[in-house]
Asker: 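I'd like to ask you about the structure that follows.
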Amino acid sequence: MKKLEHNKIEKKWQKIWEEAGAFKVSNEESSQKDKFYLLEMFPYPSGKLHMGHVRNYAIGDTLARFMRRKGLDVLYPMGYDAMGLPAENAAIKGNTAPAEWTKKCIDDMVKQQKRLGLSYDWNRLINTSSPDYYRWNQWIFLKLLERGLAYRKKAAINWCPRCKTTLANEQVVSGKCWRCGSKIKVKIKKQWYFKITDYADDLLAGLDELEGWPDAVKIQQRNWIGRSEGAVIDFKIKSSKRTIPVFTTRPDTLCGSTFLLIAPTHPDIFDIARGNKEKIEDFINEAVSSSIAEKDIKEKKGIYLGVDAINPLNGKEVPVYTANFVFMEYGTGAIMSVPAHDQRDYEFARKYGLDIIEVIRPEEGGYDGKKAYEGPGKLVNSGEFNGFSSKEAIKKISRYLSSAGTGRKSVQYKLRDWLISRQRFWGTPIPVIYCEDCGIVPVNEDDLPVKLPEDVDFSDEGNPLKTSVKFNRVTCPKCGKPAKRETDTMDTFVDSSWYFLRYVNPKEKEKPFVPEDVNRWLPVNQYIGGIEHAVLHLLYSRFFTRALKDMGFVNFNEPFENLLCQGMVLKDGAKMSKSKGNIVDPGDIIKEYGADVARLFILFASPPAKDLKWSDDGVKGCYRFINKLWKLADEKSTASELIQKEDKDFELFLNRTIKGVTEDISEDLQFNTAIAKIMELVNRIKKLPAGTEIKRRGVKVAVSLLSPFAPHTAGEIWESLAKNTRLDKESWPEYDMSLIKEGKSIFELPVTVNGKLRAKITVSDTESKENLLDKAASNEKVEKFIKDSEIIKKIYIPGKIINFVIK
RNA sequence: GUCGCGGUGGCGGAAUUGGCAGACGCGCCAGGUUUAGGACCUGGUUCCUUAUGGAGUGCGAGUUCAACUCUCGCCCGCGACACCA
């Protein structure tokens, strides 16, 4: 018997596919067949593949191979998200140029991916750190700048002291840097932003149409955008012309407002304040300089500004404070505090001895003096508005305020503009020049790309880009005088916000992509990646797509039609990581058991969206299965002549399996159950007599169904069974629906008594209800349970069950 | 705290328009094969019970002839957000 030499077989088939260009796809052909754009989130090229990657690619490749055999034109590309800190750190440490270092890492990644037998169209490979790619980041930046969607402003920003760079809000996780976990500090800095907030409402509304996205991701985006409806109400400052506008979602509680709070970073704070300015300044400095992370634990603090404001509804005078828990970035940077009905205000009021007035009373319970009541109810202590429900009062009070000119409806978002400036070297240079006379001058489109220089000193603190003489020596494109180049580079999330478009025309020199081609291939039919990008990459990409649509470059709103968020790969109850020492190296598994077994196990062990618990024994199980099939296929060589033998049951089972596997893959991406069904089929094939026609047919179908999961072994077996043909070129097996329907006509019908299974009777679907009930009742086992009792009810559900209800 | 996801044998997991709980795999047990180990093959394997039988999908109620599946109330685990007014 021939031994299964997996490593040899893998090499053989990978070579055959490569030489045949089996997975190349051209933009022209796509019009003849239905297209299918399948995409995995591209990796950061660390140089080392881990199990999370393998899972991601195993899911994608299986689907890609399945779709091709179903006759679709499949675009399935791979690329590398290659900008970022590690290359720069390597440069600092090892004195290697980031470009070289990155190139080597990418080569290493490609090698490892190729060993898995992934069917990418490698001709479309992209590397975001190449000037051919990042010049289009710059081009898009200039387009956004033209439209006012890119702008520069001074604001309080998140600063990561370890990465020595600023971060966008989305990149701060619980007050820490998303990448390195350092605590974030607050700094005031002038930086570049993309105006994602212009699309807040649109991005929110678009979520409703994304039926192919997991709810978890949509909910996260919805929360992140954080739309809330309310009103802006103006409080006049006593003996001053100034007013303080506040945002509230609860205008019904206006009469319960006993003080105002404004953010410590409010630009007007010193104009408003009349108290001890030194003390106030000290307070503000402390509040601003403390890190965001500390804010979580910190108690509420504030200081009276020495002025009072006037409630526009009841004319009451209330004190104005600044407090450390009020944000300038949200609403108007000032709030009306209603301590009886807002827990935060309650705590503040208790601490500083401020008035608490109940204005909302529900049927039961309500404000009890111990904590705020935040629900709805009927108004009290609110003058002419007493007795109205919260809902009615919100309308009436809003109407009153707007007719008096002291308030207006308002919608606020939690989403803030995307800060894209990074004080790093290994990123896309922001293509602007600062001229003393002309101000901010964009680089001319013809002068793109603004390339990263090579004369850089990495040994200094701060952004290495500042050390390049070549890079910084520049003249103003407008007036020709010496000028300064922007040395900040772009957030690497800019690269990933449109890479899925570049795959369509990866080598295009004149434009980032060709709109007609992109409009044909996009949106991505199936996108696969981790859920950690729920509000980062996925939100930014949706924003870019919309902006590009508004500029007329694409004709769709949403880049990703269906999204699958794969679960993590766990071992010993934790995510595989160096620090935990629980890493399983994919390379070792491939060497020992083969790429097909690695893929098979990872798909079989768990449904794709769930976390996967790694099991060495489970891998062995899949290895056994592959070998079992291999041996079965080898049997044919011992039988000189195949015996004709009919086996209707097996034929039916075979057809059912084809149907089941097809549906599991195409409808629900249920690879685990699809594989289980193929295993069942193989178990049944084993029981068939050797050397029969039907057995050989069974093996062929099993191998054919298995091929998307285990393409090398399946290809090898098929070649030996089917006259040296290539399985990946065969169309997907069909099933005979009439046979399946016919198979249903005689079956086992379960019979229960009081819902407990007592027997199964073999019936035909043509038998009458009465006949079946008699048959069931006279069954030996059933009779035992019903003979001494009164039958209250007889239930027959055709094709499903019989149930006798007895007393 | 808010929102979301989940809880089924010793383990990973099947079963959802309500209709045979535990497919498939692992592990385990018994037998075979082998000088031995491993590998391989055959059979068994939710729990209790000698059999007949009974119990059983986190807990407690409810709807139903029938509930892993639907409703209500809890408990536990995981994840996201976290003073957003």
Side-chain angles (χ1 to χ4, degrees), chain A residues 173-175 214-224 226-228 230 246-250 253 257 261 263 295-300 323-327 329-338 341-345 347-348 374 412-416 531-532 534-535 567-568 570 573 600-601 604-607 609-622 624-625 627-628 631 660 670 672-683 686 748-760 784-785 791-806:
Chain A
V173 181
S174 311
D215 287 336
V217 174
K218 287 191 276 188
I219 288 161
Q220 272 190 57
Q221 290 209 358
R222 218 166 265 141
N223 292 343
W224 191 259
R227 183 182 200 270
S228 68
V246 304
F247 174 71
T248 180
T249 54
R250 293 291 300 273
T253 65
S257 174
L261 298 175
K295 210 162 62 183
D296 290 345
I297 355 158
K298 219 163 53 176
E299 59 173 323
K300 293 178 177 54
N324 62 349
F325 65 95
V326 179
F327 303 132
E329 295 79 16
Y330 185 76
T332 61
I335 59 172
M336 61 173 220
S337 287
V338 185
H341 304 293
D342 183 293
Q343 187 58 24
R344 296 157 297 180
D345 296 344
E347 285 165 26
F348 193 84
E374 297 185 334
Q412 297 292 330
Y413 298 90
K414 217 184 91 179
L415 181 72
R416 289 171 222 163
I531 198 167
E532 64 272 18
V535 290
M568 289 187 295
L570 309 176
L600 203 56
F601 167 71
F604 175 65
S606 178
K610 267 183 93 169
D611 285 348
L612 180 146
K613 279 147 207 159
W614 184 265
S615 153
D616 292 326
D617 286 332
V619 177
K620 278 184 209 156
C622 289
R624 274 202 279 269
F625 167 67
N627 275 291
K628 212 194 283 185
K631 281 180 205 161
Q670 289 275 342
N672 55 331
T673 51
I675 293 168
K677 287 185 175 96
I678 300 170
M679 287 174 167
E680 263 180 283
L681 175 61
V682 170
N683 290 341
K686 273 196 76 165
E748 302 253 279
L749 186 71
V751 182
T752 61
V753 178
N754 280 356
K756 284 192 182 88
L757 181 71
R758 296 302 176 195
K760 283 181 193 180
K784 206 164 80 182
F785 286 92
I791 297 174
I792 302 168
K793 219 171 184 181
K794 297 175 182 180
I795 288 150
Y796 167 58
I797 310 292
K800 298 263 188 188
I801 209 162
I802 284 176
N803 188 23
F804 294 111
V805 185
I806 58 167

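Chain identifiers are assigned alphabetically (A, B, ...) following the order of the sequence lines, protein sequences preceding nucleic acid strands; residue numbering begins at 1 within each chain.
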Asker: Check the phosphate of B:G25 against A:Asn683, side-chain N and O only, distance under 4.0 Å to OP1 or OP2. Yes or no?
Answerer: yes
Asker: What interatomic distance, in whole Å, is found between P of B:U63 and the corresponding atom of B:A14?
Answerer: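 Per the computed distance, 32 Å lies between those P atoms.
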Asker: Under the rule for side-chain hydrogen bond (donor to acceptor under 3.5 Å, both in side chains), what residues qualify as partners of A:Thr673, not counting sequence neighbours?
Answerer: A:Asp664
Asker: Is the phosphate of B:G27 approached by A:Arg624 (side-chain N or O, under 4.0 Å from OP1 or OP2)?
Answerer: yes
Asker: Between B:C24 and B:U71, how many Å separate the two C1' atoms, rounded to a whole number?
Answerer: 33 Å
Asker: List the protein contact pattern of nucleotides 4-16 of chain B with one symbol per nucleotide (5' to 3'): B for base contact, S for sugar-phosphate-only contact, - for none; contact means a heavy-atom distance under 4.0 Å.
Answerer: S-------BSS--
Asker: Using both distances under 3.5 Å as the test, list the Watson-Crick or G-U wobble partner of B:G62, or none.
Answerer: B:C70
Asker: For B:U46 versus B:G22, give the span between their P atoms, rounded off to a whole number of Å.
Answerer: 9 Å
Asker: According to the Watson-Crick and G-U wobble definitions, with both distances under 3.5 Å, which nucleotide is paired to B:G10?
Answerer: B:C26
Asker: Classify the nucleic acid contact of A:Lys760 as base, sugar-phosphate or nothing, counting any heavy atom under 4.0 Å across all strands shown.
Answerer: base
Asker: Heavy atoms, side chains only, cut-off 4.5 Å: are A:Val805 and A:Asn754 in contact?
Answerer: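 Result yes, sub-4.5 Å side-chain heavy-atom pair found.
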Asker: Reading RNA chain B from 5' onward, which residue's closest nucleotide shows up sooner: A:Arg758 or A:Pro750?
Answerer: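 Checking each residue's closest nucleotide, the 5'-ward one belongs to A:Pro750.
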Asker: Between A:Thr248 and A:Thr752, which is nearer to the 5' end of RNA chain B once each is assigned its nearest nucleotide?
Answerer: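 Closest to the 5' end, via its nearest nucleotide, is A:Thr752.
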Asker: Which is true for A:Gly621 with a 4.0 Å heavy-atom rule: it touches a base, it touches only sugar-phosphate, or it touches nothing?
Answerer: sugar-phosphate
Asker: Could you tell me how far B:G60 sits from B:G54 if I compare only their C1' atoms? Round to whole Å.
Answerer: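 It works out to 22 Å between them.
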Asker: Who is the Watson-Crick or G-U wobble partner of B:U35, with both distances under 3.5 Å?
Answerer: none
Asker: Quantified in whole Å, what is the P atom distance between nucleotide B:A21 and nucleotide B:G32?
Answerer: 36 Å
Asker: Take A:Asp342 and A:Arg250, measure what side-chain contact (heavy atoms from CB on, under 4.5 Å) needs, and give me the verdict at the end.
Answerer: CA-CA 10 Å; A:Asp342 183 293; A:Arg250 293 291 300 273; over 6 Å; no
Asker: From the set B:C3, B:G25, B:G19, return the single nucleotide nearest to any side-chain atom of A:Asn223.
Answerer: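 Of the candidates, B:C3 comes closest.
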Asker: Can you name the atoms? Protein N/O to nucleotides 64-69 of chain B N/O, anything below 3.5 Å, with the distance.
Answerer:
from  : atom 1 : to       : atom 2 : distance (Å)
B:C65 : OP1    : A:Lys793 : NZ     : 3.2
B:C65 : O2'    : A:Asn803 : ND2    : 3.1
B:C65 : O2     : A:Asn803 : ND2    : 2.9

Asker: For B:U42 and A:Lys686 - does any side-chain N or O of the residue sit under 4.0 Å from the phosphate oxygens OP1/OP2?
Answerer: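 True: A:Lys686 side-chain N/O within range (under 4.0 Å) of B:U42 OP1/OP2.
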Asker: With a 4.0 Å limit, can you tell me whether A:Lys756 has a side-chain N or O closer than that to the phosphate oxygens OP1/OP2 of B:A55?
Answerer: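 Looking at the OP1 and OP2 atoms of B:A55, one of them is under 4.0 Å from a side-chain N or O of A:Lys756.
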Asker: Closest approach to the side chain of A:Lys631, judged atom by atom: which nucleotide of B:A85, B:C40, B:G25 is it?
Answerer: B:C40
Asker: Think A:Ser228 has a side-chain N or O under 4.0 angstrom from the OP1 or OP2 of B:A85?
Answerer: yes
Asker: What nucleic acid atoms does A:Ser615 come within less than 4.0 Å of, heavy atoms only: base, sugar-phosphate, or nothing?
Answerer: nothing
Asker: Could you check whether A:Val535 gets within reach of a base, just the sugar-phosphate, or nothing at all, counting any heavy atom under 4.0 Å?
Answerer: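 No contact at all - A:Val535 keeps every heavy atom at 4.0 Å or more from the nucleic acid.
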Asker: Under a 3.5 Å cut-off for both contacts, is B:C5 paired Watson-Crick or G-U wobble with anything, and if yes, with which nucleotide?
Answerer: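 Per the H-bond distance test, B:G77.
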